[in-house]
Amino acid sequence: MQTVWIAGGAGFIGSHLSEHLLNNGFQVICLDNFITSGEENISHLKDNPNFTFIHQNIIDFPLIESKKLPKPNFIFHLASPASPNKHSKRSYIAYPIETLQVNSLGTYNLLEAAKNANARFLFASTSEIYGDPNISPQPETYFGNVNPNGVRSVYDEGKRFGEAITMAYVRKFNLDARMARIFNTYGPKMQIDDGRVVSNFIIEALKGEPLTVYGKGEQTRSFCYVSDMVEGLTRLMMHDGIPGAVINLGNPIEKKIVEFATIVKELTKTTSEIVFEELPEDDPKQRRPDITRAKEILRWEPSVSLTEGLEKTIAYFKQVI
Ligand code: UDP
């Protein structure tokens, strides 16, 4: 049986990935410190004999080593705060130093662990490394347009550093590493108070409160359902012969945020109105992945429609709010 470490394995995407890999016959070692994730995301996995949970901040490498974990064949690094919403206590705005640490020192520690174990490594990068892009859709060859010290920089520059150090290990040590640039992803197990647009709009709609569109809502995003993302991440990790590969994973169907609010209104059948609030600083105006590389190399593209994915997500939030 092959062993997978998932740093951030109790997070939104990490917990779905943990479940998927357990179902596919892997031993899963989940490392998480719950700063922005939730214990409830993995409670259903705890009785599985192939699942081990380690309460661990990955910036502390001696502690990782001292725990004498089963040697990994694969290491996924998904540990990081990821919400930009300044109103959320789970956002990277609330944890700026931790965000920089987990993507720099945390990535270094896991790269060392991968090198020592001769394991394959996947770094969860992000569409945020493109910043406020000047071209759309964004291909992997685009270098981005990032404010290096703005409010979002702790995440954007943290992830850019994470990519740089991952590539340094590929070049210097021939580490078999790859990077996924993850675009907006949604689905069950997003935290209620995460502050992301999908969870905010659904919760507001279900509570009959106004849907809070930031700015005029003319900015665009492209939303990928979590099961598609998990399949993409798994294919990227399991694909042989692509050390140093950088691949966008996301759904190329783009929506204006105000249009997205209308879709949520229709699917929830809410009577809530749409209200307009202040646009956050450095909020990207457009975001849409070019997924040519994922299609060609991984034979991957999203298969869950926005309506189908939102219906499942709405059903989940009805249960938990
Ligand atoms: N947004 C919004 N209302 C909300 C939360 C977010 O209009 O309640 C907007 C936000 O300004 C951004 C987009 O929706 O333009 C996506 O925001 P999110 O926080 O989900 O992630 P981002 O793509 O900015 O990282």
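Just follow the structure's listing: the first ligand is 1, and inside any ligand the first atom is 1. This is a predicted model, so every value here is computed, not measured. What's counted below: heavy atoms across the whole structure, side chains too, no hydrogens, waters or symmetry copies.
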Answer yes or no: is there an ion pair linking [X] with [Y], defined by an N-O contact shorter than 4.0 Å?
{"X": "Glu281", "Y": "Lys86", "answer": "no"}
{"X": "Glu259", "Y": "Arg221", "answer": "no"}
{"X": "Lys159", "Y": "Glu163", "answer": "no"}
{"X": "Glu296", "Y": "Arg293", "answer": "no"}
{"X": "Lys265", "Y": "Glu204", "answer": "no"}
{"X": "Asp290", "Y": "Arg288", "answer": "no"}

Specify the protein heavy atom at minimum distance from [atom]: its residue, its atom name, and the distance to 0.1 Å.
{"atom": "atom 8 (O) of ligand 1", "value": "Asn200 ND2, 2.9 Å"}
{"atom": "atom 21 (O) of ligand 1", "value": "Asn184 ND2, 3.6 Å"}
{"atom": "atom 11 (O) of ligand 1", "value": "Asp283 OD2, 2.6 Å"}
{"atom": "atom 13 (C) of ligand 1", "value": "Ile257 CD1, 3.7 Å"}
{"atom": "atom 7 (O) of ligand 1", "value": "Tyr214 N, 2.7 Å"}
{"atom": "atom 17 (O) of ligand 1", "value": "Val197 CB, 4.1 Å"}
{"atom": "atom 16 (C) of ligand 1", "value": "Arg221 NE, 3.6 Å"}

Out of all atoms in ligand 1, which are within 4.0 Å of some heavy atom of [X]? Include the element for each.
{"X": "Thr212", "result": "2 (C), 3 (N), 4 (C), 7 (O), 8 (O)"}
{"X": "Gly195", "result": "5 (C)"}
{"X": "Glu128", "result": "25 (O)"}
{"X": "Val213", "result": "7 (O)"}
{"X": "Arg287", "result": "22 (P), 23 (O), 25 (O)"}

Does any non-hydrogen side-chain atom of Ile129 lie less than 4.5 Å from one of Asp156? no

Under a 4.5 Å cut-off applied to non-hydrogen side-chain atoms, are Val4 and Gln27 in contact? no

So, 4.0 Å and heavy atoms of [X]: is ligand 1 close enough to count as a contact?
{"X": "Glu277", "result": "no"}
{"X": "Phe201", "result": "yes"}
{"X": "Arg152", "result": "yes"}
{"X": "Ala82", "result": "no"}
{"X": "Pro280", "result": "yes"}

So for atom CG, which belongs to Asn118, do other residues, nucleotides or ligands contribute more than 12 heavy atoms lying within a distance under 6.0 Å? no

Using the rule that Ile, Leu, Val, Met, Phe, Trp and Tyr join whenever any side-chain heavy atoms are under 4.5 Å apart, tell me whether Met229 and Met238 fall into a single cluster. yes

Residue among Gln286, Lys255, Glu254 satisfying side chain to side chain donor-acceptor pair (under 3.5 Å) with Thr220: Glu254

For ligand 1, which part of Gln219 has a heavy atom less than 4.0 Å away: the side chain, the backbone, both, or neither? side chain

